[in-house]
2 protein chains.
Amino acid sequence: MEPPKADVNVKLTTKGRYAVSAMADLAATGSQGPVALSDVALRQAISLSYLEQLFAKLKRAGLVASVRGVGGGYILSAAPGDIRIAEIVAAVDEQIRTTACASGSSLGCQGTTARCLTHDLWDELGRQISIFLNAVTLEDIIEKRVLGMAAVNPPHRNAEKYTGAAE
Amino acid sequence: MEPPKADVNVKLTTKGRYAVSAMADLAATGSQGPVALSDVALRQAISLSYLEQLFAKLKRAGLVASVRGVGGGYILSAAPGDIRIAEIVAAVDEQIRTTACASGSSLGCQGTTARCLTHDLWDELGRQISIFLNAVTLEDIIEKRVLGMAAVNPPHRNAEKYTGAAE
DNA sequence: AAGAAATCCGACTATTTTAGTCAACAATAA
DNA sequence: TTATTGTTGACTAAAATAGTCGGATTTCTT
């Protein structure tokens with residue numbers, strides 16, 4: 001059984017990060033039974049109300065299941081190794097609004113002159129991000145297997161290896 | 001002479017896209033002399049006033065030079081092959097505000113339990129995006145050499161090749 | 001049956017960011 | 001000198017983000 005793949009918009013807000021943090025918390029602590037959001041809220045320093053919002057979406061996306069009542073909480077719908085980060089982000093982050101030359105669609109791209117020169121660029125970047133977030137699972141996070149992934153290959157020139165942050 | 005490298009925050013708004021489009025326009029049309037923003041505004045369908053804002057920042061970053069008066073406009077400060085997309089994005093997009101567990105800094109990351117489990121993840125993603133945007137230059141864009149870059153290597157599992165957008 | 005612990009639900013709000021507009025000014029070429 | 005273009009800064013409207021709040025519902029425990 002292979003994990004489903006999610007498409008990720010080039011949009012990464014704190015909402016998505018909170019969701020991933022909360023899901024990682026669930027993966028790390030909830031191996032036995034359901035975990036109450038109030039616990040997650042304390043551990044991750046996120047407000048309970050906000051977490052409730054996020055988990056409503058996560059549940060709608062089928063990533064978690066809920067148990068109501070005393071002793072209830074949320075459980076992952078699948079093993080941590082089968083939940084990709086891309087799915088989490090896609091579940092909580094709303095669709096990016098398509099400005100002018102939207103990534104993916106060729107809207108308004110009847111380019112005569114220089115218009116939409118950058119279309120391919122954003123397309124490709126979005127694809128790179130998707131690939132990355134689809135390659136990492138919750139298990140990778142709690143096992144700390146994320147760092148040190150190989151770099152992308154530049155298109156044509158033999159680019160010097162990019163070592164780190166400038167400045 | 002090697003192009004400088006810029007650090008890119010994990011933040012990609014239309015502002016950055018507009019700037020890249022405008023710079024690509026400049027690269028494509030302005031090989032002889034300065035290009036007036038009014039022309040760029042028409043071709044790229046961006047409002048002139050907004051472009052002025054963006055180019056003020058681009059100039060401050062040293063990516064373009066300006067010529068005032070009749071026949072004036074903006075010129076690239078370097079050859080298209082020496083201007084990386086990352087520099088453009090970094091010039092116009094403000095610094096991301098560091099929430100809770102900021103990428104790069106270890107602020108608030110005195111993690112006892114599960115806190116900051118995702119730190120490495122966002123760090124690594126930011127690095128991937130930086131690598132990509134640092135690998136692409138304006139020349140690549142106008143020569144359409146952007147598409148078909150190699151995928152990132154997943155961390156540990158031998159992930160199935162991600163072929164495209166789901167759904 | 002009562003109460004506590006939890007999810008659920010929807011409306012509301014505050015803050016920030018984005019995406020501009022507008023007006024006035026400065027330099028320069030024709 | 002006049003038209004063209006850049007320069008600057010203040011201002012604004014709309015959208016997205018990041019929540020809050022109040023209440024309802026379910027279910028376990030006593």
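Computed from a prediction, not measured in an experiment: that's the story for all the values here. To find a chain, count down the sequence lines: A is the first, B the second, and so on, and within it residues start at 1.
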Taking only the side-chain heavy atoms of [X] (C-beta and beyond), determine which of [options] contains the nearest atom.
| X | options | result |
| --- | --- | --- |
| B:Arg68 | C:dG20, C:dA27, D:dT20 | C:dA27 |
| A:Glu52 | C:dT7, C:dG20, D:dG19 | C:dT7 |
| A:Ala36 | D:dA3, C:dA6, D:dG6 | C:dA6 |

OP1 or OP2 of [N] less than 4.0 angstrom from a side-chain nitrogen or oxygen of [X], does that happen here?
| X | N | result |
| --- | --- | --- |
| B:Tyr50 | D:dT12 | no |
| A:Tyr18 | D:dG19 | yes |
| A:Lys59 | C:dC8 | yes |
| B:Ser38 | D:dT4 | no |
| B:Ser49 | C:dC22 | no |

- Taking for each residue the nucleotide of DNA chain D with the nearest heavy atom, is it A:Gly71 or B:Gly71 whose nucleotide lies nearer the 5' end?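 On the 5' side of the pair lies B:Gly71.
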- Query: Of A:Lys15 and B:Gly73, whose closest DNA chain D nucleotide lies nearer the 5' terminus?
  - Reply: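 Looking at DNA chain D, the more 5' nearest nucleotide goes with B:Gly73.
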Integer-rounded Å distance: [N] [atom2] and [X] [atom1]:
| X | N | atom1 | atom2 | answer |
| --- | --- | --- | --- | --- |
| B:Lys57 | D:dG6 | NZ | P | 19 Å |
| B:Leu51 | C:dT21 | CG | P | 11 Å |
| B:Leu48 | C:dT21 | CG | P | 9 Å |
| B:Leu58 | D:dT8 | CG | P | 14 Å |
| A:Arg17 | D:dG19 | CZ | P | 13 Å |
| A:Asp93 | D:dA16 | CG | P | 13 Å |
| A:Arg60 | C:dC8 | CZ | C1' | 11 Å |
| A:Leu37 | C:dC9 | CG | C1' | 14 Å |

- Passing candidate, side-chain contact (heavy atoms from CB on, under 4.5 Å) with A:Tyr74, options A:Leu58, A:Val64, A:Leu63, A:Val67: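 Between A:Tyr74 and the candidates, side-chain contact (heavy atoms from CB on, under 4.5 Å) is satisfied uniquely by A:Val64.
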- Query: Base, sugar-phosphate alone, or nothing: which one does B:Ser66 contact when heavy atoms must sit under 4.0 Å apart?
  - Reply: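 The answer is sugar-phosphate, as B:Ser66 gets under 4.0 Å only of primed atoms, P, OP1 or OP2.
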- Message: Under 4.0 Å, counting only non-hydrogen atoms across every strand here, what does A:Tyr74 touch: a base, just sugar-phosphate, or nothing?
- Response: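 Sugar-phosphate contact only.
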Can you tell me how far [atom2] of [Y] sits from [atom1] of [X], rounded to the nearest 0.5 angstrom?
| X | Y | atom1 | atom2 | value |
| --- | --- | --- | --- | --- |
| A:Asp120 | B:Ile141 | CG | CD1 | 9.0 Å |
| B:Ile88 | B:Leu138 | CD1 | CG | 4.0 Å |
| A:Glu87 | A:Thr137 | CD | OG1 | 10.0 Å |

- Query: B:Val35 and B:Arg43: which non-hydrogen atoms are nearest, and at how many Å?
  - Reply: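 Closest pair (atom of B:Val35, atom of B:Arg43, distance): CG1-NH2, 3.6 Å.
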- Side chains of B:Thr118 and A:Arg17: does their closest heavy-atom pair fall under 4.5 Å?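 In short, these two side chains do not touch, never coming nearer than 4.5 Å.
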- Message: Could you check whether the side chain of B:Gln53 and the base of C:dT21 have a donor-acceptor pair of N or O atoms closer than 3.5 Å, going by distance alone?
- Response: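 Looking at the base of C:dT21, it does pair with a donor or acceptor on the side chain of B:Gln53 (distance under 3.5 Å).
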